[in-house]
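Take a look at the structure set out below.
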Amino acid sequence: MPAHDVILTAPMCRLGASFTGGALTRLDFLPLDTPVSTQLDARARQLARELDAYWQNPAHPIDVLFVPQGTPFQLRVWRTLMAIPAGQQTTYGTLAKLLGTAPRAVGQACGANPLPILIPCHRVVAASGLGGFMHSSSGAPLDVKTWLLAHERRAD
DNA sequence: TGGTACAGGCCAT
DNA sequence: ATGGCCTGTACCA
């Protein structure tokens, strides 16, 4: 399941990217000690360029071709997520009401998100706290979520 | 099919 | 601050 096409640098971690054809289909957070790719093809270079722009300016819209794969419900949730502007947050409960479903179902769909950052699942928090990230409720993933929120907050 | 596990929420102590 | 029951989806037997 792992085996990424390229590993890129990020300020708080490394990112493993997988492509299918010309489209990005998967993005994973990896530990800081993961060796970074030295050779980048055109699509990887484009992705790296867009991400760099985002690290510089959280308001920068990431312009890359990506194709998320999931159930119809998940795609519906993810599509809704992408309407949340950078620097803003929503809760699972609010989204659930909006979609006519349950908060827990929204959380599960967020966890299944194969393209974090591009699909801003980190902008969804629990009604009473931070909530989880990448299918977990503690540990490194939560640090990443916190980092991303802090990064986007700097844009005010 | 039924049974369980979730990135939550809410109302009762 | 804690524990219970609710919710909709996904995944596995």
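So that the names make sense, note that chain A is the first sequence line, chain B the second, and so on, each numbered from 1. All values below come from the heavy atoms of this structure, side chains included, with hydrogens, waters and symmetry mates left out.
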Hey, what are the protein-to-nucleotides 1-8 of chain C N/O distances that come in under 3.5 Å?
unit_1 : atom_1 : unit_2  : atom_2 : d
dG8(C) : O3'    : T101(A) : OG1    : 2.9

Measure [atom1]/[X] against [atom2]/[N] and give the value in whole Å, please.
X	N	atom1	atom2	result
Q89(A)	dG8(B)	CD	C1'	16 Å
W78(A)	dA10(C)	CH2	P	10 Å
N113(A)	dA10(C)	CG	P	14 Å
L75(A)	dT9(C)	CG	P	14 Å

### Query
Looking at side-chain heavy atoms only, is the closest gap between L99(A) and V77(A) below 4.5 Å?
yes
### Message
Counting only heavy atoms and a strict 4.0 angstrom limit, can you tell me which residues of residues 122-137 of chain A come near DNA chain C?
### Response
none
### Task
Would you confirm whether R43(A), through its side chain, and G21(A), through its main-chain N or O, come within 3.5 Å as a donor-acceptor pair?
yes
### Query
Is H151(A) reaching over with its side chain to a backbone N or O of N57(A), donor-acceptor style, under 3.5 angstrom?
no
## Note on the structure
Sorted by chain and residue number, the side-chain contact (heavy atoms from CB on, under 4.5 Å) partners of P31(A) (sequence neighbours excluded) come out as D33(A), T34(A)
### Message
Taking side-chain contact (heavy atoms from CB on, under 4.5 Å) as the definition, give me every residue that meets it alongside A23(A), ordered by chain and number, with sequence neighbours left out.
### Response
L65(A), V67(A)
Among residues at least two apart in sequence or on other chains, which ones pass ring-ring contact (aromatic ring centres under 6.0 Å, His included) with [X]?
X	answer
F29(A)	F133(A)
W55(A)	W147(A)
F73(A)	none

### Query
At under 4.0 Å between heavy atoms, what does G93(A) touch on the DNA or RNA strands: base, sugar-phosphate, or nothing?
sugar-phosphate
### Query
Using a 3.5 Å cut-off on both pairing distances, which stems of three or more Watson-Crick or G-U pairs include DNA chain C?
B:1-6 with C:8-13, B:8-13 with C:1-6
### Salt-bridge present (K145(A), D143(A); N to O < 4.0 Å)
no
### salt bridge (Lys or Arg N to Asp or Glu O under 4.0 Å): pairs with one or both residues in residues 106-130 of chain A, sequence neighbours excluded
R123(A)-E152(A)
### Task
Could you list all the salt bridge (Lys or Arg N to Asp or Glu O under 4.0 Å) pairs where at least one residue sits in residues 110-119 of chain A, not counting sequence neighbours?
none
### Query
Can you name the residues that form a salt bridge (Lys or Arg N to Asp or Glu O under 4.0 Å) with R14(A), not counting sequence neighbours?
none
Distances under 3.5 Å between nitrogen or oxygen atoms of protein and nucleotides 11-13 of chain C:
none

### Task
Please check if atom CD in Q69(A) has more than 12 non-hydrogen atoms from other residues, nucleotides or ligands closer than 6.0 Å.
no
